[in-house]
Amino acid sequence: MSEATGVPADLLGGYLSVLAASAATGRLPGRSDMDDLKECGALAAERGIPLRVLADACLHAAELTAGGAFAAVRRSMAAFAEGYEEAQLTAIRKEDDARREFVDDLLQGRADARRAEHFGLRLAEAYVVTVARMTTPLPMGDPLIRTIEQALVARFGSHNVLVAARDGLLVCASPASLTAATGEFTHHVRSALSSQASRPSWRIGVGRPHHGPGGIVTSYREASNAIDLGERLGLRAQVLKAADLLVFPVLLRDRGAIVDLVSTVLGPLTEARGGPEPLLETLEAVFASQGNHTAAARRLGVSTRAITYRLERIRRLTGFSPADPTQRFTLETAVLGARLLDWPAQPLI
């Protein structure tokens, strides 16, 4: 290793011979000499030596061979390289700033088609937005963003997906025609976070496909709201699709009606010993198990006999039974409404 250049001597030995021969004969290096130097360049790359360092070592060797005149060339080339690298970093920072501003505008409906095309989006198409929420909000510039974006770009191309951070969420916008993108995004989020103890918990929301700049905003809001609804309803699924949860916004639009339903159907459960919560949990487990009492008992960690007893208690208090198809629908809707209203923790107002 040369102390002056930081490059192993074996990578420069052939180069020094070429310089000496050229200085003595005035001739340019021959084909075999160039092949040897190309091999040295490949070895330098394999050893992780930066190209700038290798070039500087070559110039240093030439300076020793050719004298002071070449020293000026070496210093000039170093200045060129430094300015070039600084310009590249500045361009990257400007692009990152422009991207951040574009994402903000895009998710607020302020982006135009020309700017969108610069970042690979064709807003005339229908797009689906998928968001991932972690226990710890994801900051702008987190390496995870770049890692997942590179993985998606490698499969789908740079003009088909946009990955960015927004409001602590990891956001992915992709054409609706690219049906595999949501699954691929989910796969990489799961893989990236499975080994990170600091961010073990995550959930993904998937919006519906919509056209135009406003469509991306709508899909983004649907995806975010799907996660919020999942948390309010106590849903266990880690991937929640807005298309599967359309009934809940409908329920929430008429709060008075849902309050009346919960009060009328489930209000009598407050008379049960131990309060209504155990009976609500029983109903949720039975509905989630498609009426299978054994599976519901397994979910709750109780006996099948306990499930049967609780359902009979619910029938006596409310007059509704999950065994009856019509009454089951009313009960299930009332239970979902209770979770949306956070009842019985919050009073029905």
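Since this is a predicted model, take the numbers as computed values, not measurements. The analysis underlying the following values was restricted to heavy atoms, covering all of them including side chains, and did not include hydrogens, waters or symmetry mates.
Judged by distance alone, the side chain of D324 and the main-chain N or O of Q327 form a donor-acceptor pair under 3.5 Å. Although no hydrogens or angles enter the test, the distance criterion places no donor-acceptor pair under 3.5 Å between the side chain of S289 and the main chain of G291. E222 places a side-chain N or O within donor-acceptor distance of the main-chain N or O of R208, the cut-off being under 3.5 Å. A donor-acceptor pair is defined here as one N or O able to donate and one able to accept, closer than 3.5 Å; such a pair exists between the side chain of N292 and the backbone of T294. S263 contributes no side-chain N or O that, together with a main-chain N or O of D260, makes up a donor-acceptor pair within less than 3.5 Å. Q290 contributes a side-chain N or O that, together with a main-chain N or O of A288, makes up a donor-acceptor pair within less than 3.5 Å. Formation of a donor-acceptor pair under 3.5 Å by the S219 side chain with backbone atoms of G215 is not found in this model.
In this structure, L311 and Y309 have side chains that are not in contact, with every pair of non-hydrogen atoms separated by 4.5 Å or more. The side-chain heavy atoms of W343 and V259, taken from C-beta on, include no pair separated by under 4.5 Å. Side-chain contact between V262 and L341 is present, with at least one heavy-atom pair separated by less than 4.5 Å. Using a 4.5 Å heavy-atom cutoff, the side chains of T308 and H293 are in contact. For the pair L162 and Y127, the minimum side-chain heavy-atom distance is 4.5 Å or more. Using a 4.5 Å cut-off on side-chain heavy atoms (C-beta onward), T330 and L261 make contact. Contact check for V265 versus L331: side-chain heavy atoms found under the 4.5 Å cut-off. Residues F320 and I314 form no side-chain contact, since every pair of their non-hydrogen atoms from C-beta on lies 4.5 Å or further apart.
Summarising the geometry of L240 relative to G230, their closest heavy-atom pair is CD1-CA, 3.6 Å, with the distance given to 0.1 Å. When all heavy atoms of A223 and G207 are compared, the closest pair comes out as CB-N, 3.5 Å. When every heavy atom of T333 is checked against every heavy atom of I258, the shortest pair comes out as O-CD1, 4.4 Å. The shortest non-hydrogen separation linking A192 to L144 is CB-CD1, 3.2 Å. Listed here is the closest heavy atom pair of S174 and V161: CB-CG1, 4.0 Å. For the pair A173 and V129, the tightest heavy-atom approach, listed with the atom from each and the gap, is CB-CG2, 4.3 Å.
When the salt bridge (charged side-chain N to carboxylate O under 4.0 Å, His left out) test is applied to D228, the partners found at least two apart in sequence or on another chain are R133. Applying the side-chain contact (heavy atoms from CB on, under 4.5 Å) rule to A306 yields the partners V302, S303; only residues at least two apart in sequence or on another chain are considered. Considering only residues two or more places apart in sequence or on other chains, R146 meets the salt bridge (charged side-chain N to carboxylate O under 4.0 Å, His left out) condition with E149. With sequence neighbours excluded, no residue satisfies salt bridge (charged side-chain N to carboxylate O under 4.0 Å, His left out) with R313. For E284, the salt bridge (charged side-chain N to carboxylate O under 4.0 Å, His left out) partners are R339, not counting sequence neighbours.
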Give the intermediate values and the outcome of side chain to side chain contact (heavy atoms under 4.5 Å, CB included) for residues I227 and V131.
-> CA-CA 9 Å; I227 296 177; V131 303; 3.7 Å; yes

Go through the steps to decide whether Y220 and N225 satisfy the test side-chain hydrogen bond (donor to acceptor under 3.5 Å, both in side chains), and finish with yes or no.
-> CA-CA 9 Å; Y220 169 69; N225 290 338; over 6 Å; no

Go through the steps for L170 and F185 under the test side chain to side chain contact (heavy atoms under 4.5 Å, CB included), then give the verdict.
-> CA-CA 10 Å; L170 182 60; F185 175 73; 3.9 Å; yes

Side chain to side chain contact (heavy atoms under 4.5 Å, CB included) between L300 and R310, intermediate numbers included | CA-CA 12 Å; L300 296 178; R310 291 181 184 180; 4.0 Å; yes

Are Q238 and I204 close enough, and set up right, to give a side chain to side chain contact (heavy atoms under 4.5 Å, CB included), and what steps lead you there?
-> CA-CA 6 Å; Q238 284 188 291; I204 284 178; over 6 Å; no

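Here the OG1 atom belonging to T318 is positioned 12.0 Å from the CZ atom belonging to R316, to the nearest 0.5 angstrom. With rounding to the nearest 0.5 angstrom, the OG1 atom of T130 is 12.0 Å from the CD atom of E184. Taken to the nearest 0.5 Å, the CZ atom of R155 stands 8.0 Å off from the CG atom of L178. Separation of atoms CG (D244) and CG (L246) is listed at 8.0 Å; rounding is to 0.5 Å. Here the OG atom belonging to S224 is positioned 7.5 Å from the CG atom belonging to D167, to the nearest 0.5 angstrom. To the nearest 0.5 angstrom, H187 atom NE2 is 10.0 Å from L152 atom CG.
Under the 3.5 Å distance criterion, with hydrogens and angles disregarded, no donor-acceptor pair is assigned to the side chains of R315 and S321.
Residue pairs meeting the salt bridge (charged side-chain N to carboxylate O under 4.0 Å, His left out) criterion with at least one partner in residues 295-306, sequence neighbours excluded, do not occur; the list is empty.
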